[in-house]
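Inspection log for the structure reproduced underneath, given as structure tokens.
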Amino acid sequence: MADNQFGRSIDALSRRKFIATTGAAGALAVAGCTENEASEEDGLSGEVVIKGSSTVFPVSDAMAERFMEEHDGVNVTVDSTGSGGGFENHFCPGDSDINGASRQIKSEEQDHCAENDVTPMEMQIAGDALTMAVSPENDWVDCMSFDEMSQIWQEGGAETWADVNSDWPDEEFSLYGPDTTSGTFDWFTENVVGEGGNHRTDYEPTEDDNIIVEGLEDDPYAIGYFGYAYYEENSDRVKALEVKESEDGECGEPSLQAAQAGDYPMARPLFIYPSEEAVQREEVYEFMKFYLENSSAEWIADEIGYVPSSQEEADANLSALEDVAGN
């Protein structure tokens, strides 16, 4: 078995071409052939391991389910560990194939990966409208500025609602947010809390965004933040706040349309990072190809609640994948 410069086997390439050939031939020549029957014929098998961002998790999980429906010999596992936790504990040590991330990889994480001969490929696959939410019983605030959010979430910041605005209740906050391993935590700290100081630590941190939803639902004085998909899925249980970047700015409602247009202040890109070494395995390559081909699909907005990748971004990602795979 001969390997090329990436350690990719010639046998793997041959089988990859066989998969593409049998798939096309099956569609044309085998009337009534089911997808499972086609999967049995392609012989694709193996494991694909995805870790990382809880924000990206719904997209990767849906991609995994759809891919396994067509290739039942491949097992794709998706675990929500936070962007940073995924890079630190799984992806850079070489124990996972792909890492979801709600922010770009940091230089120290790239160094960690390099120490283990892991080469990350950056691919933007969706867009998000990070959402600040409160209890549905909260009737005193509909919009917050970056400065007001910073007063609440910075270290040594406000303790009660009245500390931020005297018209608000003199009641202590109940604070819920992503764990420090989360890319959402990093993005919010850098872009909103940053000028006011470091993110406070006396809050309920979690890698499970459903816990944030439950906390907000049960406490009228609670406030928390997460990806837009979790708000949309639970819009009958929590209330989303509009936000504005400056005091004299206009309040913007979180929505996919606003995130896509770029006029929502907390719009941000979402990423996946496969390693160049992992995509040399045919099951990882085929899954990544499937993921990227579907990253511009409308069901990402309709069923999950994120802005799909543009066709130009999807094409660029597919081209990068093919270059690394040597196709």
Side-chain angles (χ1 to χ4, degrees), residues 6 8 16-17 19-20 23-24 27 35 42 44 48-53 55-71 74 76 78 83 86 91 96-105 119-130 183 187 227-229 232 255-264 267-327:
F6 298 110
R8 170 167 151 267
R16 197 172 294 162
K17 289 181 177 176
I19 291 167
E35 289 181 343
D42 71 26
L44 188 65
V48 179
V49 178
I50 308 174
K51 303 285 187 178
S53 168
T55 305
V56 181
F57 173 85
V59 184
S60 296
D61 194 47
M63 293 288 186
E65 288 185 10
R66 283 168 162 78
F67 181 79
M68 288 189 288
E69 287 176 358
E70 297 183 11
H71 301 283
V74 179
V76 184
V78 189
S83 304
F91 182 78
S96 65
D97 303 309
I98 301 164
N99 201 62
S102 55
R103 46 116 174 123
Q104 289 183 292
I105 189 170
T119 312
M121 301 174 65
E122 182 175 284
M123 295 178 169
Q124 183 178 331
I125 48 83
D128 178 36
L130 192 152
W187 190 96
Y228 180 78
E232 186 169 76
S255 70
L256 298 185
Q257 293 77 13
Q260 190 168 32
D263 54 10
Y264 176 66
R268 58 178 180 154
L270 303 177
F271 304 91
I272 55 171
Y273 287 84
S275 75
E276 290 189 3
E277 293 73 20
V279 299
Q280 308 313 314
R281 298 185 356 243
E282 59 187 343
E283 66 273 21
V284 179
Y285 166 82
E286 292 295 339
F287 175 70
M288 278 304 309
K289 183 179 177 185
F290 178 90
Y291 199 129
L292 298 174
E293 287 176 340
N294 285 277
S295 63
S296 59
E298 287 302 316
W299 61 260
I300 291 177
D302 297 339
E303 299 179 20
I304 297 178
Y306 290 138
V307 179
S309 173
S310 69
Q311 191 58 53
E312 290 75 17
E313 289 169 337
D315 291 343
N317 287 334
L318 280 164
S319 178
L321 177 69
E322 297 301 323
D323 285 347
V324 169
N327 292 343

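Scope of the values below: all heavy atoms of this structure, side chains included, with no hydrogens, waters or symmetry mates. Position 1 is the first residue of the sequence; numbering continues from there.
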Start with the C-alpha distance between Y306 and T55, add both sets of side-chain angles, then the distance that settles side-chain contact (heavy atoms from CB on, under 4.5 Å), and finish with yes or no. CA-CA 10 Å; Y306 290 138; T55 305; 3.1 Å; yes

Decide side-chain hydrogen bond (donor to acceptor under 3.5 Å, both in side chains) for S60 and Y291; before the verdict, give the C-alpha distance in whole Å, the side-chain angles of both, and the deciding distance to 0.1 Å. CA-CA 8 Å; S60 296; Y291 199 129; 2.9 Å; yes

What's the verdict on side-chain contact (heavy atoms from CB on, under 4.5 Å) for F67 and H71, showing C-alpha distance, side-chain angles and the deciding distance? CA-CA 6 Å; F67 181 79; H71 301 283; 3.3 Å; yes

Audit row: L130, Y228, side-chain contact (heavy atoms from CB on, under 4.5 Å) steps and yes/no: CA-CA 5 Å; L130 192 152; Y228 180 78; over 6 Å; no

Evaluate salt bridge (Lys or Arg N to Asp or Glu O under 4.0 Å) for K51 paired with D97, printing each intermediate quantity in order. CA-CA 8 Å; K51 303 285 187 178; D97 303 309; over 6 Å; no

As a quick check of understanding, evaluate side-chain contact (heavy atoms from CB on, under 4.5 Å) for V59 and I272, giving each step before the final call. CA-CA 10 Å; V59 184; I272 55 171; over 6 Å; no

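To the nearest 0.5 angstrom, D128 atom CG is 12.0 Å from I304 atom CD1. Between the CE atom in M288 and the CD atom in E322 there is a gap of 10.5 Å [rounded to 0.5 Å]. In this structure, M121 CE and S275 OG are separated by 9.0 Å, a value rounded to the nearest 0.5 Å. The CG atom of N294 sits 6.0 Å away from the CH2 atom of W299 when rounded to the nearest 0.5 Å. Rounding to the nearest 0.5 Å gives a distance of 9.0 Å between CG of D302 and CG of L256.
Considering only heavy atoms from C-beta on, L270 stays 4.5 Å or farther from V307 through its side chain. Side chains of Q104 and E122 form a contact here, defined as non-hydrogen atoms less than 4.5 Å apart. M63 places a side-chain heavy atom less than 4.5 Å from the side chain of I300. Side-chain contact check for I50 versus N99: every heavy-atom pair is 4.5 Å or farther apart. A heavy-atom distance below 4.5 Å is not found between the side chains of S309 and Q124.
In terms of heavy atoms, P274 sits closest to V279 at CB-CG1, 4.0 Å. Contact between S296 and Q311 at its shortest, heavy atoms only, is OG-OE1, 3.1 Å. Minimum heavy-atom separation, R103 to G183: CG-CA, 3.5 Å.
Judged by distance alone, with hydrogens and angles left aside, the side-chain atoms of Y285 form no donor-acceptor pair with the main-chain N or O of L321 at under 3.5 Å. Here the side chain of S295 pairs a donor or acceptor atom with the backbone of L292 at under 3.5 angstrom. For S96 (side chain) and F91 (main-chain N/O), a donor-acceptor pair under 3.5 Å exists by modelled atom type. Without hydrogens or angle criteria, S83 side chain to S102 main chain gives a donor-acceptor distance under 3.5 Å. A distance-only check finds a donor-acceptor pair linking the side chain of N317 to the backbone of E313 [under 3.5 Å]. No side-chain donor-acceptor contact under 3.5 Å links E70 to the backbone of R66. With E282 contributing its side chain and L44 its backbone, the two residues share no donor-acceptor pair below 3.5 Å.
In this structure, F271 and Y273 have tilted ring planes: the angle between them lies in the 30° to 60° band.
Considering I125, V78, D61 in turn, I125 is the only one that fulfils the side-chain contact (heavy atoms from CB on, under 4.5 Å) rule with V56.
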